[in-house]
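Okay, so here's the structure we're looking at.
Owing to the predicted nature of the structure, the values given are computational and were not obtained by experimental measurement. Both ligands and their constituent atoms are indexed starting at 1 by order of listing.
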Amino acid sequence: MSIVELKNVVKSFSGPQGNIVAVNNLSFQAKESGVLGILGPNGAGKTTTLRMIATIYKPDRGTIMVDGIDVLKEPLKVRSKIAYMPQEPDLIPSLSVEDHITYYLRFRGFDKKEAKKCCEEALRSFNLEKHRNKKPFQLSTGLKRRVQLASVLSAEAPVIFLDEPTTGLDPMSKRNTWELIKDRIEDSGATILLTSHDLYEVEYLANRVIIINNGRLIAEGTPRDLRKKFGKSVKVVFEDSLSFDALRGELMGVEGVKDISQVSENAVEIKLDSIDRSINNLVRVLASKELQIKDIITTAANFEDVYLEILGGEI
Ligand SMILES: Nc1ncnc2c1ncn2[C@@H]1O[C@H](COP(=O)(O)OP(=O)(O)OP(=O)(O)O)[C@@H](O)[C@H]1O
Ligand SMILES: [Mg+2]
């Protein structure tokens, strides 16, 4: 079942240079439990989308449902189901770390005793015990992120928004955070909408991803599906140096070949539609030439390559 559902959502802002369409007819769904990764370049509309689902902005058009509730019709009911970690640190200057987490939980409906107990657990899990009495001005950027995360992940919200939660965290804290996110989902079956520019993080955490560019959906699927669909290439190494232009001319006509680039004086990288279908055509053509092949290597693109290829196809 979908717990978050957007249909034809549009949001524009008026600025000095006229109207900016930040979100342009966007539709997608997040299934219950697990992480939906939201990817896209700077300014793609990720934060604007999260803000609309979290009832901070109103969409100009379209519908947004959270657990079957319309965000425009019953925003307060939606707010009781969500916890939102904004991209920018939003700690209250006068509150200590401990007070911040406790107040956050009290605000989310925990009673005093529960909030205190839960806060202690959060301070422990997020390694914040020795910082408990510090105010935001005494905290580093990464520590502020950790306080925000500790608050949001401890609240028992079924839908959680994390807008670039690990930006600025050191590698150890980052990995610790990933495990805490995974634990949170396993313990409670929460649904997390996560944005990040760390493709490794998204692939590690997300069950499904959507990619947004200029406010539009350009791809969706599991990280594995996207890897399979895009980013197939083979590297062919020849015994001798080659005349690239002539070879390119020949191979670009082969069915399934999308692009060829020279990677060294005797090697080329060939992008294919599908390894299964196209590699046979390719080998047949190569064999009919006088070229001596030294090696053929199929390269599994990493998720970042796949992402860049999907975006590249857009430009
Ligand atoms: N409050 C606002 N007023 C005017 N324009 C805005 C406002 N918020 C966002 N925008 C514009 O809307 C577009 C989408 O911005 P958004 O913050 O949603 O992008 P993003 O995908 O989150 O980017 P990033 O990866 O940099 O966080 C951008 O062109 C941005 O300048
Ligand atoms: Mg953003």
What atoms of ligand 1 come within less than 4.0 Å of a heavy atom belonging to [X]?
| X | value |
| --- | --- |
| Thr48 | 9 (C), 14 (C), 15 (O), 16 (P), 18 (O) |
| Thr47 | 17 (O), 18 (O), 20 (P), 22 (O), 27 (O) |
| Glu164 | 25 (O), 27 (O) |
| Ala22 | 12 (O), 13 (C), 14 (C) |

State whether Glu120 and Arg132 are salt-bridged, where the test is any N-O pair (Lys NZ or Arg NE/NH1/NH2 against Asp/Glu carboxylate O) under 4.0 Å.
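A salt bridge is present here (some side-chain N lies under 4.0 Å from a carboxylate O).
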Can you tell whether the side chains of Asp259 and Arg248 come within less than 4.0 Å, N to carboxylate O?
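So Asp259 pairs with Arg248 through a salt bridge.
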How are the rings of Trp178 and Tyr200 set to each other: parallel, tilted or perpendicular (split at 30° and 60°)?
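Tilted.
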Please round to the nearest 0.5 Å and tell me the distance separating atom CG of Leu242 and atom OG of Ser264.
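Taking CG in Leu242 and OG in Ser264, the distance rounds to 8.0 Å.
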Atom pair CD1/CD of Ile181 and Glu201 - distance to nearest 0.5 Å:
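Output value for this atom pair is 6.5 Å.
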[X] N/O to ligand 1 N/O under 3.5 Å:
| X | answer |
| --- | --- |
| Ala44 | yes |
| Arg51 | no |
| Gln87 | yes |
| Tyr57 | yes |
| Phe13 | no |
| Gly45 | yes |

Would you call Leu76 and Thr55 a side-chain contact if the rule is heavy atoms closer than 4.5 Å?
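No, too far: nothing below the 4.5 Å cut-off.
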Just so I know, are the side chains of Glu220 and Arg208 near enough to count as touching, which here means a heavy-atom distance under 4.5 Å?
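Yes, side chains in contact.
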Cation-pi, Tyr204 ring and Lys182 (6.0 angstrom, 45 degrees):
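Yes.
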Between Asp245 and Ser243: side-chain donor-acceptor atoms closer than 3.5 Å:
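Side chains of Asp245 and Ser243: no pair found under 3.5 Å.
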Just going by heavy-atom distances, which of Lys46, His197, Lys11 is nearest to atom 21 (O) of ligand 1?
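Nearest option to atom 21 (O) of ligand 1, by heavy atoms: Lys46.
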Specify the protein heavy atom at minimum distance from atom 29 (O) of ligand 1: its residue, its atom name, and the distance to 0.1 Å.
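Its nearest protein heavy-atom neighbour is Ile20 CG2, 3.9 Å.
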Under-4.0 Å heavy-atom contact between protein and atom 23 (O) of ligand 1
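Within 4.0 Å: yes, protein heavy atom nearby.
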Please check if a non-hydrogen protein atom sits closer than 4.0 Å to atom 13 (C) of ligand 1.
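Protein heavy atom within 4.0 Å of atom 13 (C) of ligand 1: present.
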Angle at the Mg ion (ligand 2): provide the value between OG1 of Thr47 and OE1 of Gln87, rounding to 10 degrees.
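About 80°, to the nearest ten degrees.
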